[in-house]
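Comments concern the structure below.
Counting starts at 1 for both ligands and their atoms, in listed order. Nothing fancy with the numbering, it's 1 onward along the sequence.
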Amino acid sequence: MVSTKNVSKSDEILSVASTRGFFFPTAGIYGGRAGFYTYGHLGKLLKSNWEFLWRKHFLSKDNFWEVQSNNILPEPVFKASGHLENFSECRVKCSKCNSEFRIDDIVLDDSKCLKCNNKLVLSKDDGFNMMFPLVVGSGEKAYLSPETAQGAYITFKDEFKATRGKLPLGLAILDKAYRNELSPRNLFFRLREFSQAELQIFFNPDLPGFPDDVEWKGIKDYGLLLAQADNNHKVSKVSCSDAFKKFKLPKFYLSGLVRVQKFFLDIIGVPSDKFRLFEVPEGDRAFYNRIHYDVEILLDSLGGFKEVAGVHYRGDHDLSRHQSLSKEKLEVFHDGKRFIPHVLELSFGVDRNVWLLFDIFYHKDLKKSDTLLFRFPKLLAPFQVSVLPLVNKEGLDVKALEIHNSFRNAGISSFFDDSGSIGKRYARNDEAGTPFCVTVDGQTLDDESVTIRVRDTSEQSRVKIGELIITLQRLLSR
Ligand code: ATP
């Protein structure tokens, strides 16, 4: 158990994360490197569970698929996408300690070096491209992809044909992205290697059928939590039909916002007062984004609302650019006309989403002032149950292992934990966010019963082994 006195929330999370095996600095044995983290066994399970829920929510539509492209892509891809020309950061360099920072991270009026804290004159230039260059084979230029989106655009032609030429077509990629960030900071928020879950929806902008009438009827009264630029980004709940009329947001865009908001509020369990759809004003968004709202979540550990995803209406920018550079026809014949499909992109930073789980579901037990637990939703928790044999009595371990294996066979993710005092084991499982512990004790061998302990209340109840799986399945589905 980690002592949590007088430390900030992010320090506590970091401490539990490394002791329990959620994540570690990469190459820690060599001192670690800024902007790189490694998921440990619990972190990888948590991340995979988030990805599972993402896939389930966003890919449950007909003609929405997941594809996998490459992390290394040839130079022409990034010429067409504009990354070669525009994906650069304005940087400032400290003339004393030589550290470099993104200009966004420095308040220029009062420019203090973030590393040595000296009030210094900072030299400024704007020519730092954030892509990692590579040489493939004996000399072909390539780059590590800074976003998964390009993989979907260059696959569009093949997939459109293979899926028999239907629109809307959704192509999702969950994979790594690489950006040579100048000043990696804020933990999972500015990494140099990170994961994205991005869905590109290709559609006909002139067809009123996206979303279709049934879908629109289902969402038109749904209240979006919009933080409009011209309202000082104050959040107000606006129904889709009002946003359509007042803010001129197209229906397809609203259907994307609804799906994203529902994912955060209903699937992940983010409280609505910590969620907002932040309108990115024209001057701050990429020129090709015709409409752009970011999903921002209020995170105490990072001191405010932070971006974890974005909803981008990119028009026909990407396919047009790839068409003109590759000389391959990317326009389609659909609904009786020839055109280049438009793209609505739902873009999520997976690691930022994992961090928000630690922040949002962090809980301190006030009765036991030193106890920290993560109240992860049951489907996100790395393990749904832990099996703990209590005393070292003959046959007890065997019984406990039988129960553990029966959980696994029933599709319940189970951890077998037989070392240390029972108090320590409960605390350890609370820190791992395991919703239920099943304790096998002396009484088990006499009457075939065990106790189930609930993480969030510490309440315990006795259950017969024969009814254990069904009881647990019931508890997990609530
Ligand atoms: P920021 O403004 O924070 O640099 P961005 O607007 O450049 O982010 P996008 O290019 O829209 O980000 O990428 C989509 C998503 O990928 C972001 O919403 C974020 O969740 C994630 N992301 C982007 N850059 C990073 C990074 N360096 N580390 C971790 N996640 C990132």
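- Within the listing of ligand 1, atoms 13 (O), 14 (C), 15 (C), 16 (O) sit less than 4.0 angstrom from a heavy atom of Q196.
- For F22 and Y39, the gap between ring centers reaches or exceeds 6.0 Å.
- At least one heavy atom of V308 sits closer than 4.0 Å to an atom of ligand 1.
- Ring geometry for F188 versus F23: interplanar angle of 30 to 60°, hence tilted.
- Remark: K251 qualifies as a cation-pi partner of F244 under the 6.0 Å distance and 45° angle criteria applied to the six-membered ring.
- Here F278 and H233 bring their ring centres to under 6.0 angstrom of each other.
- Considering both main-chain and side-chain atoms, E198 never comes within under 3.5 Å of ligand 1 through any nitrogen or oxygen pair.
- If you check each of K306, R352, R285 against atom 3 (O) of ligand 1, the one with the closest non-hydrogen atom is R352.
- Applying the ring pair (Phe, Tyr, Trp, His ring centres under 6.0 Å) test to F436 and every residue at least two apart in sequence or in another chain returns nothing.
- Close approach of ligand 1 to L191 is summarised as follows: ligand atoms under 4.0 Å from at least one heavy atom of the residue are 26 (C), 27 (N), 28 (N), 29 (C).
- Closest heavy-atom approach to atom 27 (N) of ligand 1 among the candidates E345, H292, E181: E181.
- Those atoms of ligand 1 that come under 4.0 Å of a heavy atom in A309, given as number and element, are 18 (O).
- Taking the ring centre of Y222 as origin, the terminal cationic atom of K262 falls inside the region bounded by 6.0 Å and 45° from the ring axis.
- Set against the non-hydrogen atoms of F188, the atoms of ligand 1 under 4.0 Å away are 29 (C).
- A distance-only check finds no donor-acceptor pair linking the side chain of H83 to the backbone of N129 [under 3.5 Å].
- Considering backbone and side-chain atoms alike, F194 places every N or O at 3.5 Å or more from each N or O of ligand 1.
- Proximity of H312 to ligand 1 is established by a heavy-atom distance of less than 4.0 Å.
- If you look at Y37 and F24, their ring centroids are not closer than 6.0 Å.
- Within the cation-pi definition used here (under 6.0 Å to the ring centroid, within 45° of the axis), R290 qualifies as a partner of Y313.
- Proximity to S347 (heavy-atom distance under 4.0 Å) selects the following atoms of ligand 1: 14 (C), 15 (C).
- Not a single heavy atom of E147 sits less than 4.0 Å from an atom of ligand 1.
- Both the backbone and the side chain of R190 come within 4.0 Å of ligand 1, judged by heavy-atom distances.
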